[in-house]
Every structure is written in structure tokens, then in C-alpha cells.
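Single-structure report; data block below.
Keep in mind that what you see is a predicted model, and the values were worked out from it rather than measured.
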Amino acid sequence: MNAITLREATPADVPTIARFVRALAEYEKLAHEAKGTEADFHAAIFGTPQRAGCLVAEMDGVPAGMALYHWTFSTFLARHGRWLEDLWVEPAFRRRGIARALFARLAKDTLAEGGRRLAWNVLDWNTPAIATYDAMGAETLKEWITRRLAGDALATLAQEAA
């Protein structure tokens, strides 16, 4: 039948979420950066305050993918949105519409809660993902450059705070 079911993650999904994140990190050649534990994911998704959310995709009852997100805020729109941190579809389940279904659900949920944007990053070499995003009508923000502070640089700057 190949029925896709999308649902909010439950605490029982945490091991699967952690496994999917590790698989994504390996795919992106960033396994060395994947430090999150099951306890970390549980705290982020189910803790108080909730820091992230996660949709789980199943195909015929088998976990097939996930979309892990958190909330953002646009000062220009004076509205919140969602940032898709990671989307993963297991290789055996690709090209069956799961990624698009996850994006559609994220879009629906974002609008339903009054949000106005859904955004994410993609690695420039990930042409299959880019093609999927182009087919959905996603725009590339070429003039924006993502920057971040992490690790020692974040700690060093934090020491300057009074």
C-alpha cells in the first residue's frame, strides 16, 4: 500500500530521531559534528521549555523519515516562523514523496499557528535536495550568508558579557 503517515514525535521516537540525525550527519560528511545524545534530543523536544519539535514520517508503520524544527522570529514581519534544522528520509524510502509531505505538513502547521516563514539551509553539493526544493517553489537567498559562533569562539565572546 505504501501509505505515508506524518505525526508529531513522541518520547518513544527519540532513539529513532537520534539514529536519523546520525545518518544525516554521515550523509553530509559531518559525523564528527554529531554530538547530540538521546537525552539531549528528549530534553529539546519534550522538555520545558520546549526548544524544538519533530515530525516523524512512517511508511506502512515503519519509521521512514523526520523533520526536526524550531521556531524563529522575523522582525520585519513581526511574526514567528519555523526553521527546519534537519530533514531526513531513509534511503530505502526516498523518491516516494515523503520529503515533500513533511514540507507540506510543516507549511500547514506554520500557517495554522500564525507563522509566516519556513526556512532552512542546504549544502551546495546536495543537488537531489536542491532539486526537490526548487520543485516546491523555494527561493534561494543568494545575498544572505549564514554565519555562526560555536565552540571556543562562542565561549570566548561570552566571557565579554558583564
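- Residues L111 and G115 come closest through the heavy atom pair CD2-O, 3.5 Å.
- Between L84 and A67, the closest heavy-atom pair is CD1-CB, 3.8 Å.
- A pairwise comparison of heavy atoms in M59 and A64 identifies N-CB, 4.1 Å as the closest pair.
- The aromatic rings of W125 and Y27 sit tilted relative to each other, their planes meeting at an angle between 30° and 60°.
- E85 and W120 share no donor-acceptor pair across their side chains, judged by distance under 3.5 Å alone.
- Shown here for A31 and E26, the closest heavy-atom pair between the two residues is CB-CG, 3.9 Å.
- Considering only heavy atoms from C-beta on, Q159 stays 4.5 Å or farther from L157 through its side chain.
- Counted within 6.0 Å of CD on E33, heavy atoms from surrounding residues, nucleotides or ligands total more than 12; the atom is thus considered enclosed.
- Using a 4.5 Å heavy-atom cutoff, the side chains of L106 and R82 are in contact.
- The structure places CH2 of W88 at 12.5 Å from CZ of R22, a figure rounded to the nearest 0.5 Å.
- In this structure, CG on L87 lies 9.5 Å from CG on L55, to the nearest 0.5 angstrom.
- Screening V122, N126, T140 against Y133 for a side-chain contact (heavy atoms from CB on, under 4.5 Å) leaves a single residue, V122.
- In this structure, Y69 and W71 have perpendicular ring planes: the angle between them is above 60°, well past the 30° mark.
- For the pair P11 and H42, the minimum side-chain heavy-atom distance is below 4.5 Å.
- For the residue pair D13 and T16, no side-chain donor N or O sits within less than 3.5 Å of a side-chain acceptor on the partner.
- Side-chain contact between E90 and F20 is present, with heavy atoms from C-beta onward closer than 4.5 Å.
- D134 contributes no side-chain N or O that, together with a main-chain N or O of A131, makes up a donor-acceptor pair within less than 3.5 Å.
- Closest heavy-atom contact between A101 and I4: CB-CG2, 4.5 Å.
- Residues V89 and R96 form no side-chain contact, since every pair of their non-hydrogen atoms from C-beta on lies 4.5 Å or further apart.
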Run the numbers on R95 and I98 for side chain to side chain contact (heavy atoms under 4.5 Å, CB included), then give the verdict.
-> CA-CA 7 Å; R95 305 197 57 80; I98 294 171; over 6 Å; no
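- The OG1 atom of T146 sits 4.0 Å away from atom CG of N121, with the distance rounded to the nearest 0.5 Å.
- One hydrophobic cluster holds both L68 and F46 under the rule that ILVMFWY side chains link at heavy-atom gaps under 4.5 Å.
- Distance alone, capped at 3.5 Å, places no donor-acceptor pair between the R51 side chain and the H70 backbone.
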Apply side chain to side chain contact (heavy atoms under 4.5 Å, CB included) to the pair F93 and V62, showing each step before the final yes or no.
-> CA-CA 10 Å; F93 294 101; V62 177; 3.8 Å; yes
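- Expressed to the nearest 0.5 Å, how far CZ of F73 lies from CZ of R116 amounts to 12.0 Å.
- Side-chain contact between R19 and I17 is absent, with no heavy-atom pair separated by less than 4.5 Å.
- Salt bridge status for E113 with K108: absent, with no side-chain N to carboxylate O gap under 4.0 Å.
- When side chains are defined from C-beta on, M66 counts as touching V21, because their heavy atoms get closer than 4.5 Å.
- A 4.5 Å side-chain heavy-atom check between F41 and C54 finds every atom pair outside the cut-off.
- Minimum interatomic distance between L123 and I130 (heavy atoms only, all atoms of both residues): O-CD1, 3.8 Å.
- T110 OG1 to F103 CZ: the interatomic distance, rounded to the nearest 0.5 Å, is 11.0 Å.
- Remark: L102 CG to R100 CZ distance equals 12.5 Å, nearest 0.5 Å.
- At distances below 3.5 Å, not a single donor-acceptor pair connects side-chain atoms of E28 with backbone N or O atoms of L30.
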